[in-house]
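Input: one structure, supplied below.
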Amino acid sequence: MRRSRAFIPTTKEAPSDATLASHIFLSRAGFVSQVASGLYNYMPLGKRVIKKIEKVINEEMSKAGAQEVELSFVTPADLWAESGRIEKFGKELLRFRDRKENLFVLGPTHEEMMVDLVRNRVTSYKQLPMNLYQIKTKFRDEARPRFGLMRGREFIMKDGYSFHANEADMDREFDAMEEAYKKILIRLGLDFRIVEADSGAIGGSGSKELMVIAGSGEDTIAICSKCEYGANIEAAIRTPRTDLPEAPEGAFNKFQTPAIKTIDDLAAFFKIDPYYTIKCVAKRVIYEEDSEIVLYFLRGSDNLQEVKALNAAGALDITDVSEEELQELGLIPGFIGPLDQSKAKHVMDIELKGATSMVCGANESDQHFVNVDLSILDEAAYFYDIAEVNEGDCCPRCDGTLSFTKGIEVGHIFKLGTTYSAALKAEFLDENGKAQPFVMGTYGMGVSRLVAAIIEQNHDENGCIWTKESAPYMVNIMVSNIKEDAQVALGEELYANLNNLGIETMLDDRKERFGFKMKDAELIGFPYTVIIGKELESGLAEIYVRATNEKISVNASELVTKIRELI
RNA sequence: CGGGGUGUAGCUCAGUAUGGUUAGAGUACCUGGUUUGGGACCAGGGGGCCGAAGGUUCGAGUCCUUUCACCCCGACCA
């Protein structure tokens, strides 16, 4: 492509509402433009990057034996009613009626559609396993789209679905998809981590997220210093600590603790480590029909992990509770303890099971119990892992320690099981001629989010730095001064040669000055820019390497060889 | 959905407290000239329903009412 003919509207200034590097540079360099909240146009460069990423995905999916399909974007609402997700998805589903008043939704994900496609077409265990995927625009009417391509309402996602005769085969495919996803991210040149994840609303028996490591990521992940263990903070677990602080001594007793309401005050009052105190976090948990207040108890040194708390209660949603609501139940904020279970449902953190030497609220104003032995609750209470891991906690897999980092979730793979196949009655006949629902896996990867993630991880103050398999063009040929015939001639020759070799090349033949064109090349982020300029008089040109900011001086006659060597 | 903010030229913004010529700057764009290794310079030029609707006023970008859009924090979220 000739730059003089290309539609690449670069700007010096960023849109005022852009905050993330990827958003700023993708806008400034003319890859995307915003249309409305969470909606973007892809201009030629943006479209090329999308296609590059899709190419990598398609190749790896093909190697892994998956087949590409394309399902309709507009999906009948009936299907969503059948699976029950029309309510669960709520306002995120964009609904509308056609001229015949039939209700449709724009596809936010395609489990229902894919199951519908396969049911009654794949009918025998002999046809299994089968892995079908598509790369397609999705629409979710997000409450708050943000960060450019990172969280749009309309976005491009690769979504794959596998069908199996049994769990073991689904597990095998799940591992194969994890491998394939790994290869995709490696080819795209990304630094990432595969982490354990909460399965969330989609459900199923297990899931993993692919996190691109970036400070601007919206997710916190805990990773081990020694082994491969990594988990989203929502799902991270730990080995209970062994370096216990000194336990308080004495017998069970009730103490006056006037106005001592916080864990810090309590620990200071008794001169003990917060590890030996019991914290109560009250939440209102919301079920499909009703809601209730649940008291979550954990060690004073821990914090409640809300996703874990939600799962422990089997609830749909969890919200805060006011002091007034607690008082109505006869609970006294600041002095709530686990020994009186009559006023609300209790959930105890698993690490409180059998705990001794504890200090906890006495459920009376200004009173705490000391030296409580919680093993008396072993039978009566409900224990669950509800604590959020802390930095420095012990890895659950080895003796390393956990630390936190931020990640961008670019992929999420699920062991779905029979949730959707059972709901939609998608069955096959097994060896015994018995009807069974498909055992399914589902594998998502955010294509447009990957565009942003690549730039979040690969940019400097001057602009984008595309990795080799994501770059819109591999080489940019910059003719410094188009009034110099020799420069132009070499540029044209090189341009023709590289094109013939199938190397995607841009020829910057604009009547602009050197600095202007360099800034532009840096902003766009071509991996290599050939600078044809003054030194041509001595037969030399330069290759500017965007990733390292190096300029390599090369004999004009050896440019093609050198470029082939580099890419 | 709660809290906050912003809408003026393609883009980034001034002007609005205290209403008053023809609404400004920078940048981008067009013409001509000079320049040509780090977003050049000079001269000339085009470009605006001041988010929308209603109102107050002799007069509204500026005041009032309504409304829409976008952004940020939170809630929510593959």
Side-chain angles (χ1 to χ4, degrees), chain A residues 9-20 23-24 27-30 33-39 85 88-93 107-111 138-148 150-153 155-160 197-204 207-211 218-219 232 234 286 306-307 310 316-320 408-414 416 442-450 462-463 478-484 487 510-524 529 531-537 540-542 544 549 551:
Chain A
T10 58
T11 61
K12 224 183 230 183
E13 275 171 304
S16 55
D17 48 34
T19 50
L20 279 198
H23 190 189
I24 291 170
S27 304
R28 279 192 52 204
S33 78
Q34 184 171 8
V35 188
S37 180
L39 307 179
R85 282 211 291 186
K88 264 189 200 164
F89 247 103
K91 287 184 177 171
E92 273 190 42
L93 278 184
T109 173
H110 277 138
E111 279 80 9
K138 301 286 183 288
F139 192 92
R140 294 183 191 176
D141 202 354
E142 290 273 351
R144 186 148 101 83
R146 59 189 132 173
F147 303 142
M150 203 69 90
R151 180 176 297 285
R153 292 143 91 202
F155 59 101
I156 301 170
M157 181 164 87
K158 175 264 166 182
D159 49 323
D198 177 64
S199 299
I202 289 196
S207 82
K208 289 186 178 179
E209 289 168 335
L210 285 92
M211 293 285 188
E218 293 187 81
D219 292 282
N232 192 305
E234 298 169 357
I286 296 160
E306 287 207 11
V307 173
L310 186 73
L316 291 177
D317 200 2
I318 192 162
T319 61
D320 291 335
I408 300 166
E409 182 192 341
V410 296
H412 200 161
I413 57 177
F414 291 85
L416 262 191
T442 179
Y443 319 97
M445 184 168 260
V447 176
S448 43
R449 184 177 282 182
L450 271 168
N462 293 322
M478 194 195 95
V479 177
S480 293
N481 185 348
I482 63 155
K483 285 189 176 168
E484 296 287 338
Q487 293 185 14
R510 290 174 298 174
K511 184 181 175 295
E512 296 288 351
R513 295 161 65 91
F514 178 86
F516 182 89
K517 290 200 268 199
M518 273 307 283
K519 286 283 183 199
D520 215 49
E522 284 165 357
L523 178 60
I524 291 170
T529 292
I531 303 170
I532 300 174
K534 278 182 166 173
E535 292 174 21
L536 186 57
E537 287 169 21
L540 294 176
E542 285 171 304
Y544 166 73
N549 267 318
K551 284 179 185 168

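So that the names make sense, note that chain A is the first sequence line, chain B the second, and so on, each numbered from 1. Below, all heavy atoms of this structure are taken into account, side chains as well, without hydrogens, waters or symmetry copies.
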Could you let me know what B:rG48 is paired to, Watson-Crick or G-U wobble, both distances under 3.5 Å, or none if it's on its own?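 Paired with B:rG48, as far as the under-3.5 Å criterion goes, is no nucleotide at all.
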
| task | Look at the side chain of A:Lys12 and the base of B:rU27, then say whether one donor and one acceptor between them are separated by less than 3.5 Å. | result |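 Checked by distance alone, the answer is no.
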
### Task
Any strand is fair game: report the nucleotide pairing with B:rC58 by Watson-Crick or G-U wobble, both distances under 3.5 Å, or none.
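Looking at the geometry, B:rC58 pairs with B:rG20.
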
Exercise for review: Look through every strand shown and name the nucleotide pairing with B:rC11 as Watson-Crick or G-U wobble, where both distances are under 3.5 Å.
Suggested key: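 When the pairing criteria are applied, B:rG26 turns out to be the nucleotide that pairs with B:rC11.
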
How close or far is atom C1' of B:rA78 from atom CD of A:Glu218, stated in whole angstroms?
->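 Distance check: A:Glu218 CD to B:rA78 C1' gives 12 Å.
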
| Quick one: is B:rC71 close enough that its OP1 or OP2 comes under 4.0 Å of any side-chain N or O from A:Ser37? |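 It does, given that an N or O in the side chain of A:Ser37 lies less than 4.0 Å from OP1 or OP2 of B:rC71.
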
Is A:Lys138 touching bases, backbone alone, or none of the nucleic acid, heavy atoms closer than 4.0 Å?
->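 No contact at all - A:Lys138 keeps every heavy atom at 4.0 Å or more from the nucleic acid.
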
Checklist line | P gap between B:rG24 and B:rG15, integer Å | finding: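 Here B:rG24 and B:rG15 have their P atoms 16 Å from each other.
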
*Sequence neighbours left out, what passes salt bridge (Lys or Arg N to Asp or Glu O under 4.0 Å) with A:Asp520? Give chain and number order.*
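Checked A:Asp520 against salt bridge (Lys or Arg N to Asp or Glu O under 4.0 Å); matches are A:Arg3, A:Arg510.
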
### Message
Under 4.0 Å, counting only non-hydrogen atoms across every strand here, what does A:Lys158 touch: a base, just sugar-phosphate, or nothing?
### Response
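Counting heavy atoms under 4.0 Å across all strands, no contact is made by A:Lys158.
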
Would you say A:Ser16 reaches B:rU12's phosphate, i.e. side-chain N/O to OP1/OP2 under 4.0 Å?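 So the side-chain polar atoms of A:Ser16 do come within 4.0 Å of the phosphate oxygens OP1 or OP2 of B:rU12, strictly under.
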
Worksheet entry | Polar pair under 3.5 Å, donor/acceptor by atom type, side chain A:Arg28, base B:rG39 |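 Yes, the side chain and the base share a sub-3.5 Å donor-acceptor pair.
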
Just name whichever nucleotide pairs with B:rA43, Watson-Crick or G-U, keeping both distances under 3.5 Å, else none.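 Base-paired to B:rU31.
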
Please state how far atom CG in A:Asp520 lies from atom P in B:rU36, giving the value in whole angstrom units.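 For the pair A:Asp520 CG and B:rU36 P, the rounded distance is 21 Å.
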
Check your understanding: How far, in whole Å, is B:rC50 from B:rG61 if one measures between their C1' atoms?
Key ->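 After rounding to an integer number of Å, I get 4 Å for this pair.
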
Is any side-chain N of the basic residue among A:Glu484 and A:Lys534 closer than 4.0 Å to the acidic one's carboxylate O?
->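 No, A:Glu484 and A:Lys534 are not salt-bridged.
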
Next on the checklist: Any N or O donor-acceptor pair under 3.5 Å from the base of B:rG38 to the side chain of A:Lys551?
Outcome noted: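 In this structure, the two groups form a donor-acceptor pair.
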
Which way is the base of B:rA17 turned, syn or anti, if we draw the line at 90° from 0?
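What B:rA17 shows is a syn base, its glycosidic angle lying within 90° of 0.
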
task: Mind calculating the distance between CD (A:Glu142) and P (B:rC77) to the nearest angstrom?
output: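 Distance check: A:Glu142 CD to B:rC77 P gives 10 Å.
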
Note to self: Whether the side chain of A:Glu542 and the base of B:rG37 hold a donor-acceptor pair under 3.5 Å is what I'd like checked.
What the structure shows: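 Indeed there is one.
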
Inset, instruction - Would you indicate what A:Met445 reaches in the nucleic acid, counting non-hydrogen atoms under 4.0 angstrom: base, sugar-phosphate, or nothing? - result: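 No contact.
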
Using whole Å, what does the distance between atom P of nucleotide B:rG38 and atom CG of A:Asn481 come to?
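Nearest whole value for this atom pair: 12 Å.
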
Q) Could you give the CD1-to-C1' distance, from A:Ile24 to B:rC72, as a whole number of Å? A)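 Value for this atom pair: 14 Å.
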
- Message: From CD of A:Glu537 over to P of B:rU36, roughly how many Å is that when rounded to an integer?
- Response: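 Roughly 13 Å, once rounded to whole Å.
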
I need the CZ-P distance between A:Arg85 and B:rA78, as an integer number of Å.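 Checked: the CZ to P distance equals 10 Å.
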
With a 3.5 Å cut-off and heavy atoms only, can you find an N or O donor on one side and an acceptor on the other between the side chain of A:Glu512 and the base of B:rG39?
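A donor-acceptor contact between them is absent.
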
### Task
Compare side-chain N and O positions of A:Gln487 against OP1 and OP2 of B:rU36 and report whether any pair is under 4.0 Å apart.
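False: A:Gln487 side-chain N/O out of range (4.0 Å or more) of B:rU36 OP1/OP2.
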
### Task
Specify the separation, in whole Å, of atom CG of A:Leu39 and atom P of B:rA69.
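Atom-to-atom, A:Leu39 to B:rA69, this comes out as 12 Å.
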
**Message:** Between B:rG39 and A:Phe516, is there a base-stacking contact, meaning the centre of the base's six-membered ring lies under 5.5 Å from the residue's ring centre while the planes stay under 30° apart?
**Reply:**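 The base of B:rG39 is not stacked with A:Phe516 (the test needs centres under 5.5 Å and planes under 30°).
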
*A:Lys483 near the nucleic acid: base, sugar-phosphate alone, or nothing, with a heavy-atom cut-off under 4.0 Å?*
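Base contact - A:Lys483 has a heavy atom under 4.0 Å of at least one base atom.
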
Does a nitrogen or oxygen in the side chain of A:Arg144 sit under 4.0 Å from OP1 or OP2 of B:rC72?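 The answer is yes; a side-chain N or O of A:Arg144 sits under 4.0 Å from OP1 or OP2.
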
To the side chain of A:Met518, which of B:rG26, B:rG38, B:rA75 is closest?
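Nearest listed nucleotide: B:rG38.
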
query = Who is the Watson-Crick or G-U wobble partner of B:rU6, with both distances under 3.5 Å?
reply =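 WC or wobble partner is B:rA69.
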
Would you mind classifying the nucleic acid contact of A:Leu523 as base, sugar-phosphate or nothing, using non-hydrogen atoms under 4.0 angstrom?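 A:Leu523: base contact, heavy atoms under 4.0 Å.
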
Exercise. Examine B:rA40: is either OP1 or OP2 under 4.0 Å from a nitrogen or oxygen in the side chain of A:Arg513? Give yes or no.
Key: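 Result: yes.
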
